[in-house]
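Step one of this worksheet: look at the structure below.
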Amino acid sequence: MSKQTIKEKRRANRNRERLKTYLIIGVSVVGLGAIAWGIIGPSFRPAIGEAAPEMSADHVQEGEDPGPYNTDPPTSGPHYAAELEAGFYNEVDLADIGPFPEGYLVHNLEHGYVIFWYNCESLSEADCVELKTQIQDVMDGERDFKVIAFPRQSIDAPVVMTSWARMLAFDEFNPRVAEQYVKTNRNQAPEPNAP
């Protein structure tokens, strides 16, 4: 073999080794970036929905009227020291909760929950069933993690979603927007690590 051929082979080997090194570094940087974004990225997500003025998060005695609130439905404010379980609540469930369910639900919001407040008063029975099914489907997609559906006759829209100090009203429910609201606004609250 000539000296020229040996030099070319060495140069080709060095170039291959450099390329491997660059690829390893590049993949490592991208991987570390993805991990870092997974950790800190959620805090940079823009919240969805209208911002609501934040009220104090003082605890009040259970059974006491925690209101008045500055939004309907409430997005923050005085509340009980206990919360409701995640899940779907129907009108028949209200009797077991007591006169001021907001006291519990605002505590859920403080823990990072998202609440689907729904009102079927202006809907036909079939439309109400469909709306509840659509809400439940979104909740099922989130494995019922920190999501609650709750009836509220005082709202003007069929559905209003709330998270801590944010709300989004739907004249017509949009499951995709609702899913995005949950993913973006869940755990954006004063006590997100609470159950």
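Only a predicted model underlies this, so the values are computations on that prediction, with no experimental measurement involved.
- Taken from CD in Q180 to CZ in R176, the straight-line distance is 11.5 Å, to the nearest 0.5 Å.
- If you take CZ on F173 and NZ on K132, they are separated by 13.5 Å, rounding to the nearest 0.5 Å.
- Residues D137 and P175 are not in side-chain contact: their nearest non-hydrogen atoms beyond the backbone lie 4.5 Å or more apart.
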Checklist line | Full working for side chain to side chain contact (heavy atoms under 4.5 Å, CB included) between L94 and F150 | finding: CA-CA 9 Å; L94 298 181; F150 203 85; 3.3 Å; yes
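- Of the inter-residue distances, the one linking R152 atom CZ with I115 atom CD1 reads 10.0 Å to the nearest 0.5 angstrom.
- By the neighbour-count criterion of 12 heavy atoms within 6.0 Å, atom CD of E172 is sparsely surrounded, having that number or fewer from other residues, nucleotides or ligands.
- A donor-acceptor pair under 3.5 Å links the side-chain atoms of N119 to the main chain of I155, judged by distance alone.
- Rounded to the nearest 0.5 angstrom, F88 CZ and T133 OG1 are separated by 8.0 Å.
- Inter-residue side-chain proximity for R186 and E142 is flagged as met; some heavy-atom pair is nearer than 4.5 Å.
- Side-chain atoms of F145 and V182, non-hydrogen and from C-beta on, never get closer than 4.5 Å to each other.
- Here the CG atom belonging to L105 is positioned 10.5 Å from the OH atom belonging to Y80, to the nearest 0.5 angstrom.
- Annotation: F170 is not in aromatic contact with F116 [ring centroid separation under 6.0 Å not met].
- At least one side-chain heavy atom of Y118 sits less than 4.5 Å from a side-chain heavy atom of N90.
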Check: Can I148 and Y89 be said to form a side chain to side chain contact (heavy atoms under 4.5 Å, CB included), step by step?
Finding: CA-CA 7 Å; I148 292 176; Y89 292 82; 3.8 Å; yes
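- Expressed to the nearest 0.5 Å, how far CG of L168 lies from OG1 of T75 amounts to 12.5 Å.
- Between E83 and P195, every side-chain heavy-atom pair lies at or beyond the 4.5 Å cut-off.
- For the pair P73 and M167, the minimum side-chain heavy-atom distance is below 4.5 Å.
- When all heavy atoms are compared, the tightest approach of L109 to P74 is CD1-O, 3.5 Å.
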Which donor-acceptor pairs under 3.5 Å do side chains of residues 48-59 form with protein atoms, sequence neighbours excluded?
residue : atom : partner : partner atom : Å
E54     : OE2  : W164    : NE1          : 3.0
S56     : OG   : D58     : OD2          : 3.3
H59     : NE2  : H79     : NE2          : 3.2

